[in-house]
*Asks:* 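Can you keep this structure in mind? I'll have questions shortly.
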Amino acid sequence: MKIGGIIAEYNPFHNGHMYQIECFRELYDVSHIVVAMSGNFVQRGGPAIVDKFTRAKMAIASGADLVIEIPSLYCTQTAEIFSRGGVTLLDSLGCMDLLCFGSENGDLKSIKKVAEIMIKDKAEIDALISSNIKNKYSFPVAREKAIRNILSRKDHFDLDDGFFRESNTILGIEYVKELLRLNSTIEPVSIKRYGTSHNSIESFGNFCSASFIRENIKKNGITGIMDFLPKSSQYEIGCYQADGRKFLFDDDFFSDICIEIIRNKRCLSRFFDVGNGLENSIYKQASACLDFDEIIENLSSPIFTRNRIRRSLFNIFLGIEDKHIEICKQINSMPFVRVLGFNKRGTEILSRIKSNSDISVVTQIAKSLRYESKHNDMYRFLLDYDLMTSELYYQKSFSNNRKLLKKGKIDFTTLISMM
């Protein structure tokens, strides 16, 4: 058994994702695949277009064997924190051989080099970043300049101009950095992204970005995007709509975010990434902006990027504070793994996890709350946030058909069985 891991969002699962899974199996002789996936809120800061259980079904039907949930506190954060959640979760399973990620350039050597420098020369990089930020550079630009400075000066190592501008490459660097930090035995491998880039608004044959799909669903519904999805994803997304469930976008939470901003106006700076004067600007804009796009546009600047603003707003809505992220940064081994879906090979992986690790495998939430989480504060801390964010999500997801909520809370009533 050779077990490979993927960290993903599948927002939604498309042909490019299936291509990665197929290449991973073929190129690296992987027999079993575990996907550590975001829950109902994702790394760009907002909601997933369809819920986590639907996306898990899509993944299992198209080549994954076991889908597990990254704790929600990590999911809506920067690449560094998101990667920490995903890598720590996979490493905690005790049975992973490889971690596969897509990258725009496929240059694993350069990715590893940057990751090593970021750990070895962290103090110097942090000092250079602070200096660059004082010179009015945004954090991503400030970090790029710092790393290029050290690579050029100490290692005489140059990178392509666009190296730090591609989302998947940035995530790849953070994945490798986390593996090094944890002294993990998991080996990183990279597959060059095929077709379009991560945030591209164009298609390439039957391939396109998840951003392209979401934008088209928002404007035109699902009819124009089916060719970019595997058959199983087409079926699941069609059923989702037929059930009267709502495809969710940032705008759906705009009023709720504004209410939370006004409610917490005197203490906004306690929320993660909402400091350094940003809290005052956020409060001012929340009272006057017409929609989510306008508040993002008005708050973004060379220093505060659109992604930073989006994440800050959702941290306020989800109640994620500085102290919560500080706790997350101290976790080197997850207390539990939440299962979202699996197939026959997935049962073999679960058996291996139980043999190799003392991590608690959660398939029944009610049982976990009654017994295991009572004896582990960290377990309860992470699980409570997962359940709270899920409830907020489902209030919106079922807003067009609230009768479905009468069956009970979705995290408790969704049966996790072999697919």
*Asks:* Only pairs under 3.5 Å count here: list side-chain donor-acceptor contacts from residues 137-147, not counting sequence neighbours, and write none if there are none.
*Replies:*
| residue | atom | partner | partner atom | Å |
| --- | --- | --- | --- | --- |
| Arg143 | NH1 | Glu174 | OE2 | 3.3 |
| Glu144 | OE2 | Arg148 | NE | 2.9 |
| Glu144 | OE2 | Arg148 | NH2 | 3.4 |

*Asks:* Among all residues two or more places apart in sequence or in another chain, which pass the side-chain hydrogen bond (donor to acceptor under 3.5 Å, both in side chains) test with Ser190?
*Replies:*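 Checked Ser190 against side-chain hydrogen bond (donor to acceptor under 3.5 Å, both in side chains); matches are Ser103.
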*Asks:* Does a salt bridge link Arg306 with Asp293, judged by any charged N lying under 4.0 Å from a carboxylate O?
*Replies:*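 Between Asp293 and Arg306 there is no salt bridge, as every charged N stays at least 4.0 Å from the carboxylate O atoms.
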*Asks:* How would you list, by chain and number, every residue that makes a salt bridge (Lys or Arg N to Asp or Glu O under 4.0 Å) with Lys323, sequence neighbours excluded?
*Replies:*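 With sequence neighbours excluded, Lys323 shows a salt bridge (Lys or Arg N to Asp or Glu O under 4.0 Å) to Glu321, given in chain and number order.
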*Asks:* Could you list all the side chain to side chain donor-acceptor pair (under 3.5 Å) pairs where at least one residue sits in residues 83-102, not counting sequence neighbours?
*Replies:*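 Listed by first then second residue: Arg84-Glu178, Asp91-Ser184.
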*Asks:* Can a side-chain donor-acceptor contact be found between Glu9 and Ser38 if the only test is distance below 3.5 angstrom?
*Replies:*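 Yes - a donor-acceptor pair under 3.5 Å links their side chains.
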*Asks:* Could you list the residues that satisfy side-chain hydrogen bond (donor to acceptor under 3.5 Å, both in side chains) with Asn280, not counting sequence neighbours?
*Replies:*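 With sequence neighbours excluded, Asn280 shows a side-chain hydrogen bond (donor to acceptor under 3.5 Å, both in side chains) to no residue whatsoever.
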*Asks:* So, are Lys219 and Glu215 salt-bridged, with charged N and O less than 4.0 Å apart?
*Replies:*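 Looking at Lys219 and Glu215, the cut-off is met.
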*Asks:* To check you understand the geometry: which heavy-atom pair defines the closest contact between Ile282 and Ser312, and what is its length?
*Replies:*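 Looks like CD1-CB, 4.5 Å.
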*Asks:* Parallel, tilted or perpendicular: which describes the rings of Phe314 and Phe253, with under 30° parallel and over 60° perpendicular?
*Replies:*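 Judged by the thresholds at 30° and 60°, the geometry between Phe314 and Phe253 is perpendicular.
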*Asks:* Does a donor on one side chain and an acceptor on the other come within less than 3.5 Å for Asn149 and Arg153?
*Replies:*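 A pair is found: one side chain offers a donor N or O, the other an acceptor, under 3.5 Å apart.
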*Asks:* Which pairs with one or both residues in residues 79-130 pass ring pair (Phe, Tyr, Trp, His ring centres under 6.0 Å), sequence neighbours excluded?
*Replies:*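 Every ring pair (Phe, Tyr, Trp, His ring centres under 6.0 Å) pair that includes a residue of residues 79-130, provided the two are not neighbours, is Phe101-Tyr175.
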*Asks:* Quick one: which residue pairs count as a salt bridge (Lys or Arg N to Asp or Glu O under 4.0 Å) with a foot in residues 19-39, not counting sequence neighbours?
*Replies:*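 Residue pairs with at least one partner in residues 19-39: Arg25-Asp65.
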*Asks:* If you count the non-hydrogen atoms of other residues, nucleotides and ligands that lie under 6.0 Å from NZ in Lys2, is the total more than 12?
*Replies:*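 Counting other residues, nucleotides and ligands, NZ of Lys2 exceeds 12 neighbours.
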*Asks:* If a pair satisfies side chain to side chain donor-acceptor pair (under 3.5 Å) and one of its residues is in residues 54-64, list it, with sequence neighbours excluded.
*Replies:*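 Checked against side chain to side chain donor-acceptor pair (under 3.5 Å) - neighbours excluded - the pairs reaching residues 54-64 are Asp51-Thr54, Ser62-Ser232.
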*Asks:* Go through the structure and list residues passing side chain to side chain contact (heavy atoms under 4.5 Å, CB included) with Phe412, not counting sequence neighbours.
*Replies:*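 Residues passing side chain to side chain contact (heavy atoms under 4.5 Å, CB included) with Phe412: Ile365, Ala366, Leu369, Leu387, Lys409.
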*Asks:* Is the shortest distance from a Lys or Arg side-chain nitrogen in Asp386 or Arg338 to a carboxylate oxygen in the other one below 4.0 Å?
*Replies:*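 Arg338 and Asp386: not salt-bridged.
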*Asks:* Suppose we screen for side-chain hydrogen bond (donor to acceptor under 3.5 Å, both in side chains). Which residues come up paired with Gln234, at least two apart in sequence or across chains?
*Replies:*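 In terms of side-chain hydrogen bond (donor to acceptor under 3.5 Å, both in side chains), with neighbours along the sequence ignored, Gln234 is linked to no residue.
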*Asks:* What residue pairs, at least two apart or across chains, pass ring pair (Phe, Tyr, Trp, His ring centres under 6.0 Å) with a residue in residues 262-288?
*Replies:*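 The answer is none; no pair qualifies.
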*Asks:* Taking side chain to side chain contact (heavy atoms under 4.5 Å, CB included) as the test, write out the residues that go with Asp256, two or more places apart.
*Replies:*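 Here the qualifying residues are Phe317, Lys396.
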*Asks:* Tyr393 vs Phe41 aromatic rings, parallel, tilted or perpendicular, using cut-offs 30° and 60°?
*Replies:*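 Taking Phe41 first and then Tyr393, their aromatic rings stand perpendicular (interplane angle over 60°).
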